[in-house]
Amino acid sequence: MTAKTPDQAFRRQLAGTIRAKVEALGMLEQERVLRGLLLIMFCVTAGQAAAEAPFVPPGISPPDYEVTTTVTKSYDPKEGSQIVIHHDHWTRATPGRDSPNGVYYAGNGVAIEYYAGGIDIRRRRLRWDGIDYEAHNTGERQTHLGESCTVWETLRSKPDYGRLKSSESSCVTDDGIELWHRSIYGGEVQRSVEATNIERRPVADNEVHPPRPLLALDWWQRDTPMSSTKPDHEIIMEPAGNAKPTSPPIQTVRRSGPWQFKEQIGGRSRRIEIARDASWARLYYTSDEFGVPDHLAVTQLKFAPPMETRTTPTDLGRTDTILGETCRWYRMDPGVADGGTIHCLSEDGLVLKETLLSWGSARTWIATRLTRRPVSIDEIKPPVELLEPHTWGLD
């Protein structure tokens, strides 16, 4: 087997992150994200796939301010803009003053991206093994827009990272306002943010603090009745294979009409997916290995995906017997390279066994208990605490 270079390992890690990100979105957003991210995944590095909060040197508390910036990217010929507003422990960045899209950054590291039809909350920045994230004061001073600033290198490749090096740097005023930020990969600037106007002014809480209704989820109240080809049921699954751990992770799948709830629990980590058939209503949640809420993505667009975006599973021509029932194997996403899902489906369409393929590896779950019974919508709803502001430090 040929050994992977650090660059190849990074690209595989980035691709896995893209896959996880896309799985957390509805089909419309999946298409948009895939088209954009797959085009740039081989020319970006850590921290460049998504904007981050403005860098603030240790020990500095910036004053209230509003900064207008230009944003340029090597992989996008169109120049963008961004308005950054800061107050207390919160910063908000938007493409424009009246834009429906933007990001709230909390002082505790939580980032809340919002857009028409959804939100994406992450507790911490993605970290890569090949990157050193310790910020260094370079001692270089510059002047931008008549303001003096100090250049900080905020991250850099580790010595054994690979041939193409990456780094990020910012020039920050003495009172903590970032005037420019640059992300460099392979000696070329991939993303640049530069201030075009700075205003130190009083900023109100509601200009930078997420509104409490941001986490309101009313699918259940406004949802219209819809039948399903699959019966209501609950399935408990465990990893297949001979070498099972003493306490194997458990996967629980419940269906109520068009709604499906899927939960994986392993140790203290937890993953929840809730989705509605033929729509873009979807919730995705994960906690880390210590049980701390880590990621929440909610997409709640009100229309169904067009037929051309749906795929027809491929019959693999083989069967299996699980819990006394015969199931037939299907490739659920034919044509997908380097990954995919294979299901063994009962006669009424229930998944009794599934194999998840990703970059040459495979993980298989098998049903250990199956109950066909009425499932209430309350058994599908996410746990109340996941949508509480204090869970994400938004109080």
Enquirer: Quiz question: by atom type and distance under 3.5 Å, do the side chains of Ser376 and Asp378 form a donor-acceptor pair?
Expert: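 Ser376 vs Asp378: no donor-acceptor pair found between side chains.
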Enquirer: Measuring only between side-chain heavy atoms, which start at C-beta, is Glu66 closer than 4.5 Å to Arg97?
Expert: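 Result yes, sub-4.5 Å side-chain heavy-atom pair found.
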Enquirer: For the residue pair Arg328 and Thr319, what are the closest heavy atoms and their distance?
Expert: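 Heavy atoms of Arg328 and Thr319 come nearest at NH1-CG2, 3.4 Å.
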Enquirer: Quick check against the 3.5 Å criterion: does Ser99 have a side-chain atom that pairs as donor or acceptor with the backbone of Asn101?
Expert: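 Side chain of Ser99 to backbone of Asn101, a donor-acceptor pair under 3.5 Å: yes, one is there.
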Enquirer: Are the side chain of Gln260 and the backbone of Ala275 linked by a donor-acceptor contact shorter than 3.5 Å?
Expert: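 The answer is no, because no donor-acceptor pair under 3.5 Å joins these two groups.
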Enquirer: Taking the side chain as everything from C-beta on, heavy atoms only, tell me whether Pro382 gets closer than 4.5 Å to Leu387.
Expert: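 Result yes, sub-4.5 Å side-chain heavy-atom pair found.
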Enquirer: Which heavy atom in Asp315 sits nearest to a heavy atom in Tyr330, and how many Å separate them?
Expert: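 Where Asp315 meets Tyr330 most closely, the heavy atoms are CA-CD2, 3.5 Å.
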Enquirer: Compare every heavy atom of Glu147 with every heavy atom of Thr173, then report the nearest pair and how far apart it is.
Expert: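 For Thr173 and Glu147, the tightest heavy-atom pair comes out as CG2-OE1, 3.9 Å.
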Enquirer: Measuring from Ile265:CD1 to Ile272:CD1, what's the distance to the nearest 0.5 Å?
Expert: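 Separation between the atoms: 7.5 Å.
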Enquirer: Mind checking the CD-CH2 spacing from Glu168 to Trp152? Nearest 0.5 Å is all I need.
Expert: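 Going from the CD atom of Glu168 to the CH2 atom of Trp152 covers 15.5 Å.
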Enquirer: Is there a path of hydrophobic side-chain contacts, each under 4.5 Å between heavy atoms of I, L, V, M, F, W or Y residues, that connects Leu296 with Leu214?
Expert: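 Looking at the clustering, Leu214 is in the same group as Leu296.
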Enquirer: To the nearest 0.5 angstrom, please state how far the CG atom of Asp320 sits from the OG atom of Ser346.
Expert: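 Atom-to-atom, Asp320:CG and Ser346:OG are 12.5 Å apart.
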Enquirer: After noting the C-alpha distance and the side-chain angles of Glu238 and Ile250, does the key distance pass the side chain to side chain contact (heavy atoms under 4.5 Å, CB included) rule?
Expert: CA-CA 5 Å; Glu238 294 184 7; Ile250 298 296; 3.6 Å; yes
Enquirer: Above 12 or not: heavy atoms from other molecules or residues under 6.0 Å from CZ of Arg369?
Expert: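 No, CZ of Arg369 has 12 or fewer neighbouring heavy atoms, counting only those of other groups under 6.0 Å.
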Enquirer: With clusters defined by side-chain heavy atoms of hydrophobic residues (ILVMFWY) lying less than 4.5 Å apart, directly or transitively, does Leu215 cluster with Val208?
Expert: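 Yes, one cluster joins them.
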Enquirer: Heavy-atom distance under 4.5 Å between the side chains of Pro100 and Tyr115, does that happen here?
Expert: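 SC-SC contact between Pro100 and Tyr115 ruled out.
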Enquirer: Checking the side chain of Thr391 only, and the main-chain atoms of Glu385 only, is there a donor and an acceptor separated by less than 3.5 Å?
Expert: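 Yes: the side chain of Thr391 pairs with the backbone of Glu385.
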Enquirer: Would you say the side-chain atoms of His233 pair up with the backbone N or O of Pro231, donor to acceptor, closer than 3.5 Å?
Expert: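 Checked: pair present.
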Enquirer: Rounded to the nearest 0.5 Å, how far apart are OH of Tyr104 and CD of Glu113?
Expert: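 Here the interatomic distance stands at 12.5 Å.
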Enquirer: Is there a donor-acceptor contact under 3.5 Å from the side chain of Thr368 to the main chain of Ile236?
Expert: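 It does hold such a pair.
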Enquirer: I'd like to check the side-chain hydrogen bond (donor to acceptor under 3.5 Å, both in side chains) partners of Arg363; sequence neighbours left out, ordered by chain and number.
Expert: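 Partners of Arg363 by the side-chain hydrogen bond (donor to acceptor under 3.5 Å, both in side chains) criterion come out as none, since no residue qualifies.
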Enquirer: Taking the hydrophobic residues Ile, Leu, Val, Met, Phe, Trp and Tyr, and joining any pair whose side-chain heavy atoms are under 4.5 Å apart, which ones share a cluster with Val193?
Expert: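 Val71, which link up through side-chain heavy atoms under 4.5 Å apart, make up the rest of the cluster.
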Enquirer: Please assess Val351 against Leu345 for the test side chain to side chain contact (heavy atoms under 4.5 Å, CB included), listing each intermediate value before the final yes or no.
Expert: CA-CA 5 Å; Val351 181; Leu345 302 178; 3.7 Å; yes
Enquirer: For Glu289 and Ser269, work out which heavy atoms get closest and say how close.
Expert: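 Shortest heavy-atom contact: CA-CB, 4.2 Å.
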Enquirer: Treating Ile, Leu, Val, Met, Phe, Trp and Tyr as nodes and any side-chain heavy-atom pair under 4.5 angstrom as an edge, say whether Ile377 and Leu386 lie in one connected cluster.
Expert: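 Yes, same cluster.
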Enquirer: Testing the basics here: between Ser81 and Pro95, what is the closest heavy-atom pair and its distance to 0.1 Å?
Expert: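 Nearest pair, atom of Ser81 first, then Pro95: OG-O, 2.9 Å.
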Enquirer: Can you list the other members of the hydrophobic cluster that holds Val84, where links are side-chain heavy atoms under 4.5 angstrom apart?
Expert: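 ILVMFWY cluster around Val84 also holds Tyr65, Val67, Leu145, Ile177, Leu179, Ile198.
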Enquirer: For Ser361, what residues pass the side chain to side chain contact (heavy atoms under 4.5 Å, CB included) criterion, not counting sequence neighbours?
Expert: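 Side chain to side chain contact (heavy atoms under 4.5 Å, CB included) check on Ser361 returns Ser358.
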Enquirer: Do Thr355 and Leu357 touch side chain to side chain, with heavy atoms closer than 4.5 Å?
Expert: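 Yes, side chains in contact.
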Enquirer: Nearest 0.5 Å, please: how far is OG in Ser166 from CG in Asp132?
Expert: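 If we round to the nearest 0.5 Å, Asp132:CG and Ser166:OG are 10.5 Å apart.
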Enquirer: Using the rule that two of Ile, Leu, Val, Met, Phe, Trp, Tyr join whenever any of their side-chain heavy atoms come within less than 4.5 Å, decide whether Val151 and Leu155 are in one cluster.
Expert: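 No, Val151 does not connect to Leu155 through the hydrophobic network.
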Enquirer: Between the side chains of Arg200 and Asp175, is the shortest nitrogen-to-carboxylate-oxygen separation below 4.0 Å, so that they form an ion pair?
Expert: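 Salt bridge flag = yes for Arg200 with Asp175.
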Enquirer: Could I get the full list of side-chain hydrogen bond (donor to acceptor under 3.5 Å, both in side chains) partners for Glu194, not counting sequence neighbours?
Expert: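 Partners of Glu194 under the side-chain hydrogen bond (donor to acceptor under 3.5 Å, both in side chains) test: Arg182.
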Enquirer: Please work out which of the three classes, parallel, tilted or perpendicular, describes the rings of Trp90 and His209, given edges at 30° and 60°.
Expert: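 Correct class here is tilted.
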Enquirer: Would you please say whether a donor-acceptor pair under 3.5 Å links the side chains of Thr150 and Arg141?
Expert: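 Per modelled atom types, Thr150 and Arg141 side chains form a pair under 3.5 Å.
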Enquirer: What salt bridge (Lys or Arg N to Asp or Glu O under 4.0 Å) pairs are there with at least one residue in residues 247-266, not counting sequence neighbours?
Expert: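 Passing the test, one end in residues 247-266: Glu234-Arg254, Arg255-Asp277, Lys262-Glu354, Glu263-Arg270.
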Enquirer: Measure the spacing between CG of Leu370 and CE of Met237 and express it to the nearest 0.5 Å.
Expert: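 Nearest 0.5 Å value for the CG-CE distance: 10.0 Å.
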Enquirer: Can a donor-acceptor pair be found, under 3.5 Å and without considering hydrogens, that links the side chain of His144 to the backbone of Ala195?
Expert: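 Yes, because the side chain of His144 sits within donor-acceptor range (under 3.5 Å) of the backbone of Ala195.
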Enquirer: Considering only residues two or more places apart or on different chains, which pairs with a residue in residues 72-92 satisfy salt bridge (Lys or Arg N to Asp or Glu O under 4.0 Å)?
Expert: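 Of all non-adjacent pairs touching residues 72-92, none passes salt bridge (Lys or Arg N to Asp or Glu O under 4.0 Å).
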Enquirer: Does any non-hydrogen side-chain atom of Ser169 lie less than 4.5 Å from one of Trp180?
Expert: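 With C-beta onward as the side chain, the pair touches.
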Enquirer: Among residues at least two apart in sequence or on other chains, which ones pass salt bridge (charged side-chain N to carboxylate O under 4.0 Å, His left out) with Glu140?
Expert: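 Partners of Glu140 under the salt bridge (charged side-chain N to carboxylate O under 4.0 Å, His left out) test: none.
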Enquirer: So if you build clusters from Ile, Leu, Val, Met, Phe, Trp, Tyr with side-chain heavy-atom gaps below 4.5 Å, do Ile322 and Ile235 land together?
Expert: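 Per the 4.5 Å side-chain linkage, Ile322 and Ile235 are co-clustered.
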Enquirer: Give the minimum heavy-atom separation between Ala297 and Asp120, together with the two atoms involved.
Expert: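 Smallest interatomic distance, heavy atoms only, reads CB-OD2, 3.8 Å.
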Enquirer: Please report the C-alpha distance between Val56 and Val172 in whole Å, then the side-chain angles of each, then the deciding distance to 0.1 Å, and finally whether the side chain to side chain contact (heavy atoms under 4.5 Å, CB included) criterion is met.
Expert: CA-CA 7 Å; Val56 178; Val172 186; over 6 Å; no
Enquirer: Hey, does the side chain of Asn197 reach the backbone of Thr68 with a donor-acceptor pair shorter than 3.5 angstrom?
Expert: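 No; judged by distance alone, with no hydrogens or angles, the pair does not exist.
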Enquirer: Are a donor atom and an acceptor atom from the side chains of Asp205 and His87 found within less than 3.5 Å of each other?
Expert: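 Yes.
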Enquirer: Does any pair with a residue in residues 311-383 pass disulfide bond (SG atoms under 2.5 Å apart), and if so which ones, sequence neighbours excluded?
Expert: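 Pairs touching residues 311-383 that pass the test: Cys327-Cys344.
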Enquirer: Under the side-chain hydrogen bond (donor to acceptor under 3.5 Å, both in side chains) rule, collect the residues that match up with Arg372, sequence neighbours excluded.
Expert: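 Result, side-chain hydrogen bond (donor to acceptor under 3.5 Å, both in side chains) vs Arg372: Glu325, Asp348.
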Enquirer: Does any non-hydrogen side-chain atom of Thr91 lie less than 4.5 Å from one of Pro54?
Expert: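 SC-SC contact between Pro54 and Thr91 confirmed.
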Enquirer: For the backbone of Ile342 and the side chain of Lys353, can you confirm whether one donor and one acceptor N or O come within less than 3.5 Å of each other?
Expert: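 No, Lys353 side chain to Ile342 backbone: no donor-acceptor pair under 3.5 Å.
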Enquirer: With sequence neighbours left out, write down each residue that passes salt bridge (charged side-chain N to carboxylate O under 4.0 Å, His left out) with Asp294, or none if nothing qualifies.
Expert: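 Asp294 satisfies salt bridge (charged side-chain N to carboxylate O under 4.0 Å, His left out) with Arg124 once adjacent residues are dropped.
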Enquirer: Determine whether Ile112 and Trp392 make a side-chain contact, defined as any pair of heavy atoms from C-beta on separated by less than 4.5 Å.
Expert: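 No - every pair of side-chain heavy atoms lies 4.5 Å or more apart.
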Enquirer: Taking the side chain as everything from C-beta on, heavy atoms only, tell me whether Ser256 gets closer than 4.5 Å to Glu379.
Expert: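 Result no, sub-4.5 Å side-chain heavy-atom pair not found.
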Enquirer: With sequence neighbours left out, what residues match Ser192 under side-chain hydrogen bond (donor to acceptor under 3.5 Å, both in side chains)?
Expert: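 side-chain hydrogen bond (donor to acceptor under 3.5 Å, both in side chains) check on Ser192 returns nothing, list empty.
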Enquirer: Is there a donor-acceptor pair under 3.5 Å between the side chain of Arg282 and the backbone N or O of Thr299?
Expert: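 Such a contact is absent between Arg282 side chain and Thr299 backbone.
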